[in-house]
S.K.: 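Below: one structure in structure tokens.
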Amino acid sequence: MSTVVHHADSPVGPAARAGRALATSPLTLTAVAWLVLVVLTSVFADQLAPFDPLTQNLTELLKPPSATHWLGTDSLGRDVLSRLMHGGDTLLWGAAEATAIAVALGLPAGLLSGYRGGIADAVISWLVDLTFAVPAFVVLVALAVIYPQNTAVMMAVLGVLGAGAATRLVRNSTRTVRDELFIDAARVSGLPLRTILFRHVLPTVVAPVIMLAATSMAICVIVLSSLSFLGLGGSPEAPSWGQMIYEASQNITVDSWLLVPPGAVLILTVIAFNLIANTVRDALPGGPTPRPVRHRRTVLAETAAQRPDADPQTLLGVHGLVVEFPSGPVVDGVTFAVRKGEILGLVGESGSGKTVTALAIPGLLPIDERITAGSVRFAGEELAGTTERRLSRVRGRGVAYIAQEPMAALDPCYTVGNQLRAALRHFGATRRAAAARTGDLLREVGISDPDRVMRCRPHQISGGIAQRVAIALALTGDPALLIADEPTTALDVTVQAAILDLFRNVVATGERALVLVSHDIGVVADVCDRVAVMYAGQIVEQGETDSVLGAPRHPYTRALLRSMPSLDTAGRLPVIPGSVPAPDAWPEGCRFAARCALATDACKKGPIPLMDVSGPSPRTTRCVRGHDLAPEPGR
Amino acid sequence: MGSLALRRAAGAVPLLLVVWTAAFFLQQLIHGDPAAYVLGNTSTAAQRDQLDAAFGLHRSPLDQYLSTCANLLSGDLGRSWITSESVGRLLSTALPVTLSLALLSTLVTAAVGTALGIWAALRRGSRVDRILQLAAGAVTAVPNYWIAVGLVYLFAIQYRVLPATGYVQLNQSPGQWLQSLILPVIALSLAPIGPIFLQARSAVAEALDADYVRTVRALGIPRRRQVLKHGLRNAAAPIVTAVGFNTVGLLAGTVAVEQIFNLPGLGSQLLSGVLGHDVPVVQGVVLVFAVGVVIVNLAVDLLIGVLNPKARRA
Amino acid sequence: MFAKRAALCAAIAALTATAVAACGGPSSTPTSTSGSGGTRAIAIGLQFATINFNPWLVPNGPNYSLNYTSAVYDSLTTLTGPDKVGPGIATSWTEPNPTTLEMTLRPGIAFADGTPLDAAAVKANFDYARTASPAGSLVTYIKNLTTTVVNATTVRFTSTVPVTDLPFDFATGAGFIVSPKALAHPSSLNDQPDGSGPYTLDASGTTSGQQYTFTRRATYWNKAAFPYGKVTLRVYSSQQALDSAVRSGQVQVAQGAAQTNAADKAAGLTVVPAPQITTAGIWINDEAGAAVKPLGDVRVRQALNYAVDRKAIAALGFGADGTATSLVVGPDSPGYRANAAASYPYDPAKAKALLAQAGYPDGFTLPMLSTQSGDLLAQAVAGYLRAIGVTVQISDHNTDFVQQATSGRWASMVFEWSMDPAAQSIASLVSANFGPHTPQQDAQIQALAAQVLGTTGTAQSTAIDQAVATINQQAWFVMVGTVGLTYSTANTVSCTDLGLATCLLSSLHPAK
Amino acid sequence: MTPTPEEVQPRTDAWLLEIDHLRVSYGRRRRTHTAVDDVTLNVGAGEAVGLVGESGSGKSTIGRAVLGLTASSSGRIRFEDTDITSVPAERRGALTADLQVVFQDPYGSLNPARTISQTLTEPLLTHRAMTAEQARARVQGLLDQVGLPADAANRYPAAFSGGQRQRIAIARALASNPKLVICDEPVSALDLSTQAQILNLLADLRADLGLAYLFIGHNLAVVRNLCDRVVVLYRGQVMETGPAAQVTGHPLHPYTAALVAAAPVADVAAQRERRLARVTVTEPLTVAHSGCPFAGRCPHVEDICRQQRPARVKVGESVVACHLFPSGKGDSHTSGSVDEKV
């Protein structure tokens, strides 16, 4: 529900980002340079070419490259290099014409279709479908006979047919933008349609259109050269790359070299266009994620790893856990333990590192995140830095993981029953036993109609049911430890209450433990025995839930509790000024100091260690004034 | 499922009609008199008139069009103006060739592209991945006719390991059939492998990053099953779409490739039909191509429907 | 050198009615592959498919499909060597007078459908050909003929012009006899031949336009002349594809090309040169200057001839044996005189001077019809003409080349042809309704043409010489040279030289 | 359809926004989905009305219908006596100045390609015919008003945190001096510490500028914090309307009660009690199409609930649609006058 989608990481629009991407990739720069070279040589071929492309020398036939003829001569003794230099002209102009027409038609049609929808969209989409059903190349071949050697007409038709693809692209981009809230905001501001289209829609369509244009150029160059190759393109005497390849093919048994220069130039040009298209595409929102950076080898804190678990009841011991993104650490020395039968709440705001911590325990971190220090001991076994093979033995049977979005966590392609049975089979159940156990499991998680739910696919059930299914799935391996990452955040409160009850029941046997990650202090208050409050990658306070929430010993916990609106009161709330610092802006000293009303100079001097402030129960706080904050009502 | 197929098929009918109509009237624009071509220069005007009448060319274009439409409904595609052969028969002999070529190429592109895509997706960011991506961009740029000529030179002329040209029917000799298609299929398949690879790579990568794969990973289910059962299945829709799109492009590619390898397929028929102003043949080939495109698109839709139940709802 | 030579030749055949065989038409010749189980098989590579199996309707001349028709039909006469006409259906013939030819037919031959092949059947064929509707191009060929049945095995042809060349014509495409039964329903011949020939068409191995398979008739009377039990004719779209096919062993016989001869030889193929009766060059169709005014001036046409370095071009594309000539005939044809052939030496300065004299010092623009396969020659000539200021605009028309050529809208075109037999060729050249070429009604040439057609022997030869020389002097053409036609065969096959630039089925036999 | 009892919401001229029997349906024929089903509610000048419901309750749709971003199927929406039911946003002209919005998603609601200044001046230049100079001054004033530094104007949205972006969105809404601001879950995407900042800002602005809010939310405590009155929605229908303190403190409708009981509080002891007291409401797999929409989950359900849609009944200061409160009994609960405007 509150998942934040980051639309942009850089403070510029997509078009500008695409431009920047073009300018910064050396490969793409090379591509641009090549195209510039090709265009310039085409334009100034008369001046630059060493020979006249048409002048033949019948005594110098099919000569290999030499000092005079750098690329050799063809079957009439003409200079291959000179012909190549003149050969890009028609091709590029033709391709540019087709592309320009495709864009000129597709842009307005796509904008209209995408923004307006309705009948205009239906009609335009039908026409677009039509262009996709027309065998374009066939039409061009036919045209070559009606308008022999008339590249302009052929390319115009190719442009019209290509407009279909352009329209579809612009339409889809426009539709995406149209659904953006900032368009709604602009409409509510009473901005006229023209302004909205030009200022808000068009800029986001520019980059896709550039990508399309580059792709279109590549395709048109190939199509046009194919036509030349088939003898349908243009004047047979005029040098064109396709025609040159045809000539080469006619001499292939005699001189295969001739195939190389026009082929190479043609291919390089097409590659250049494709590269530009790819670079622009990658710069678009939703493009590929940035390349992960090669990680250093994991060096674990040996001292931590060797520390024996003191309490035999301890199921999970996390010590000094550090998780790094390519940009640096996001979890910084987290230590906590979970005992059997216990529910530990891991609470914090976004950016606190709680989810990363949860993922790190069963080794489920994304490809570019890694544990770089610390220890994760589960039932006596070290999980940090171990192999995927060993981890996969622990996963499911030992540690199970439940994700925030139940719908997304279930495979949309398979039925609920299928997924549960497959998991049970994985854990060794026979086919028959798996089938029987599936129904039982669903009943255990509170689904009253398991047979029906089993036959459903994830999109056919509600979020609450889906989360129950996800919990059932997590229970298939009868794990000792459940890690639930914001398991109710995506659910309605009435459903959340039921799911929380379910969690309580799951742990009630006393043999299981649960780590519940949440940003909602109320949820933590509802189910957790103990709570660890995280802030900026660190645990700032840890203890039994009622004592932490009832008498917080860290200013952050206290301020957070105070700033919560209540069902009983109205009016101004005490606020925490500022916002959570990003990992790259973590200060040397107390990370909360900048926002803390109680901060002193001492807070900023250096890393603040966890301080033991145990009372009747164990309690730690990462505050130099932890003792000053002694018992005071949390709210 | 069945109703979706029917709905889509019904939707394709007007589309095909438009293509058919366009093909007919486009051909009307070609200069020259087919009778003169068939009869040669020594024919008299009377003889040409007679042939025109036999072709039905003395009637108005609209009239001709309507009667070809009527014939089409009864399954009759007319006769070639040049050889008087039934266009239906002509197409039925040419179709298996192009079909073999297109289907084999589709299989090759889909299999190779997807396999490499999965491989690269599993090694995102690695050297292999980057090299494959560059290679994909490069092969996409290689025109099929260029590679076809090169293949003929290398494998048929220089090393003589494969036949340069010609086609052997499947029922005559499956082995030779395959042999006669190896080079053309390579020529046709090379370029489309690029986009399919890229699509497969990003789709599989996206699926592997998805929560549901993390869910099965969290259950300790082996990597192979994560990838094949969950990753690939969920990535199927964009991959199938890409394969379908490239199959359409591949159909166009058959014109040049059939020419170079001398395969008696639809592409060859088209080219000779167009050059000979043989309207019924061209119309027939265009129709078959258009039907092919429609079938490919339909197959893509249905396949996605089967693979991805969520899409089926729509 | 011309991938589509056959089409060009086909055109010329249609135009001249005489250029038949020499045109090299179906660009290849049979050869042998060792057959299995006693049945030898052979595959021949061609560049053109037949359009139908009606030999009278083959649209652009009989040579166009000589290999197709000769497989399924018997001919009245056959070639047995260069310019040597031997018996076929006719066992012997006499010429009681210059305009009458009487032939004695072989008894006991029957068509595949069982109908006997007798004089009546022959007459039926020629009567059909005269009135065939739609008529084939052969109409001009035989329009002067009257056919009479003398008795069952004797048939008489009478003509309005001398019949000297008739037996040769019959041997090279104009003498195939179709079953009268099939002639009653000519459209059946579109894809079902009905003849008395050595082979029948095997529909199962045939894909129209691509591949034709023939199997031998068990009852054929002259099996010895056709050693192959199975014949496959494969059609290739270009000279390159054809060459690849013969090099890779897919066919055993194929038309060669100058560029590939050396490589073919190196690859172990036999490269057989054909007689030099085919010439190639540029035809100036608009010598009246109707569309391109400068062409109306003989000095301009001569200038074009002086501008071209024939030797260089002939060496480039016309084979090692290609001979430069400005004449419209080759060294092996009547009318060829070496000194006349060299009457336009390469002299660009003189060419420029002539242009200037004619009032075109800056040249002019010359549209030129070509085909994709003729482009090499067209471009080579264009390159030389550009040097004297004449800008050539080449337009390719491939399949519809003939249509374009005969449309009268092209001032010039690249063309290959052969003047054999010479008389009809010359007559055609000067005739007013001769397709592409619209000659000035020069009385001198007209008179010569009449003489050529109306005489025989030495008188005719002299007339031919004069006509050729006059046309050369009038510069109706920018001929470049003779075409060094070749065919390449696998070493399993040999081909008897028939004086044609092609191998007919009857000339092919397994190599010793 | 139950007619709106006149006594429940007496017609006064003081209403800024009146929504009468609004219905919004999507799709066509068999696939029709009714998102908003016969909703009637009013907002007075300067009043903050909370619209509470869970996902799928239609609360955001009501907001979009008021803004002219979604077409209504039937019913009527009036703003200051102008019927705006079927006038899309683009055609509202000067009215757009009075009726503004703050959306939930602080990332999606600002065009990432435009600077804050561009975003803020756009409506100013379009409608108010300001000079560039005046607009710039106004932008500075607005930024100051929402607590952002002056140099924010020339930066792009990506440079700001969620809370800051929400301030910008509020500044954009304020730019035209509106009378009513639709707040569509403006704090749900924010962290707890930021949420309080924004709630306070909204409260301050309302006090300073006399704004009225139609505040859409799913968190009862948040709504309670800011609003005078609360409207509780369930599956497109109004379950209960009443003063905020009344609705959260003494919910009448079983659904409201469930909602209140389910919201966890941070006090462990209190929450333990609440947990023990709360009645779990099940999730039905099927949705009833007649009767009370909550019947399938209601712990007090009776036969009539599944058959007949309950009438709206005034109970005390609240109006509730539930068969537990039959219209005849309504009066017994009534106490005092019913001026719902604060």
Side-chain angles (χ1 to χ4, degrees), chain A residues 1-2 4-14 180-182 184-185 187-193 195 200 203-204 349-350 449 452 462 464-465 492-498 501 519-523 525-526 545-546 549-550 560-561 563-568 570 572-573 575-576 579-580, chain D residues 54-55 67 69 89-90 92-93 96-97 100-101 103 105 107-113 122-123 126-127 155-156 158-159 161-163 172 188-189 191-194 196-197 199-200 203 220-222 224-225 244 248-249 258-260 262-269 271 275 278 280-281 283 285:
Chain A
M1 177 163 35
S2 59
V4 169
V5 180
H6 289 261
H7 285 260
D9 302 329
S10 59
V12 288
E180 291 278 3
L181 286 173
F182 65 78
D184 283 340
R187 292 172 66 196
V188 170
S189 296
L191 295 186
L193 181 62
T195 312
H200 294 280
T204 61
E349 296 182 287
S350 53
D449 190 1
R452 198 182 127 174
S462 71
I465 301 284
D492 287 330
V493 280
T494 51
V495 178
Q496 165 175 292
D501 287 344
H519 70 281
D520 187 336
I521 299 178
V523 166
D526 189 78
T545 311
D546 53 355
L549 300 186
L560 209 55
L561 284 165
S563 67
M564 272 183 81
S566 137
L567 280 170
D568 308 325
R572 283 188 67 86
L573 297 160
V575 300
I576 309 174
S579 52
V580 184
Chain D
E54 297 179 308
S55 53
L67 290 165
L69 296 173
E90 291 87 346
R92 289 190 173 176
T96 55
Q100 279 299 317
V101 67
F103 288 113
D105 180 0
Y107 294 92
S109 63
L110 297 173
N111 189 337
E122 211 164 52
T126 306
H127 287 301
R155 294 154 77 184
Y156 288 91
S161 70
R172 174 176 54 194
S188 334
D191 275 322
L192 196 52
S193 62
T194 322
Q197 297 170 1
L199 286 175
N200 284 353
L220 266 179
V222 166
R224 162 78 178 93
N225 179 266
T248 55
L259 212 53
V260 171
V265 299
D267 183 319
V268 176
Q271 176 59 22
R275 186 171 74 221
R278 82 185 168 210
T280 307
V281 289
E283 293 164 78
L285 284 167

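Each chain gets a letter, A, B and so on, in the order its sequence line appears, and its residues count up from 1.
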S.K.: Between atom CG of A:Leu561 and atom CG of D:Leu192, what is the distance when rounded to the nearest 0.5 Å?
M.R.: 8.5 Å
S.K.: Looking at D:Asn200 and A:Leu573, would you say the former's side chain and the latter's main chain have a donor-acceptor pair under 3.5 Å?
M.R.: yes
S.K.: For the interface with chain D, which of A:Leu567, A:Leu560, A:Val580, A:Val493 has the highest count of heavy-atom pairs at distances below 4.5 Å?
M.R.: A:Leu567
S.K.: Between A:Arg187 and D:Thr96, is any pair of side-chain heavy atoms under 4.5 Å apart?
M.R.: no
S.K.: What distance do D:Gln271 atom CD and A:Leu549 atom CG have between them, rounded to the nearest 0.5 Å?
M.R.: 10.5 Å
S.K.: Return the option, out of D:Ala244, D:Ala269, D:Ala221, D:Ala89, with the maximum number of heavy-atom pairs under 4.5 Å with chain A.
M.R.: D:Ala221
S.K.: Considering only heavy atoms, which portion of D:Leu220 lies under 4.5 Å from any heavy atom of chain A: side chain, backbone, both, or neither?
M.R.: both
S.K.: Of the non-hydrogen atoms in A:Ala185 and D:Phe103, which two are nearest, and what is the gap between them?
M.R.: N-CE1, 3.7 Å
S.K.: Pick whichever of A:Asp526, A:Asp546, A:Val575 has the most heavy-atom pairs under 4.5 Å with chain D.
M.R.: A:Asp526
S.K.: Using only atom types and a distance under 3.5 Å, with no angle test, would you say the side chain of D:Arg224 pairs donor to acceptor with the backbone of A:Asp568?
M.R.: yes
S.K.: Test your reading of the model: is there a side-chain donor-acceptor pair from D:Gln197 to the backbone of A:Ile576, 3.5 Å cut-off?
M.R.: yes
S.K.: Hey, which of D:Thr248, D:Val268, D:Asn111 has the most heavy atom pairs under 4.5 Å with chain A?
M.R.: D:Asn111
S.K.: Could you report the tightest heavy-atom contact between D:Pro123 and A:Ser189, atom names first, then the distance?
M.R.: CB-CB, 3.8 Å
S.K.: Between CG of A:Leu181 and CG of D:Asp105, what distance do you get to the nearest 0.5 Å?
M.R.: 6.0 Å
S.K.: Any luck finding a side-chain donor-acceptor pair between D:Glu122 and A:Thr195 under 3.5 Å?
M.R.: no
S.K.: Can you tell which part of D:Ser161 gets under 4.5 Å to a heavy atom of chain A, answering side chain, backbone, both or neither?
M.R.: side chain
S.K.: Pick one of side chain, backbone, both or neither for A:Leu193, based on which atoms fall under 4.5 Å of a heavy atom in chain D.
M.R.: neither
S.K.: When you measure from the side chain of D:Asp191 to the backbone of A:Ser350, do you find a donor-acceptor pair of N or O atoms at a distance under 3.5 Å?
M.R.: yes
S.K.: Counting heavy-atom pairs under 4.5 Å with chain A, which one of D:Val260, D:Leu259, D:Thr194 comes out on top?
M.R.: D:Leu259
S.K.: Looking only at non-hydrogen atoms, find the nearest pair between A:Phe182 and D:Ser109 and report the distance.
M.R.: CB-O, 3.2 Å
S.K.: Picking from D:Ala196, D:Ser193, D:Gly163, which has the most non-hydrogen pairs under 4.5 angstrom with chain A?
M.R.: D:Ser193
S.K.: D:Val265 and A:Met564: side chain to side chain contact (heavy atoms under 4.5 Å, CB included), yes or no, with the steps?
M.R.: CA-CA 9 Å; D:Val265 299; A:Met564 272 183 81; over 6 Å; no
S.K.: Go through the atoms of A:Gln496 and report whether side chain, backbone, both or neither lie under 4.5 Å from a heavy atom of chain D.
M.R.: side chain
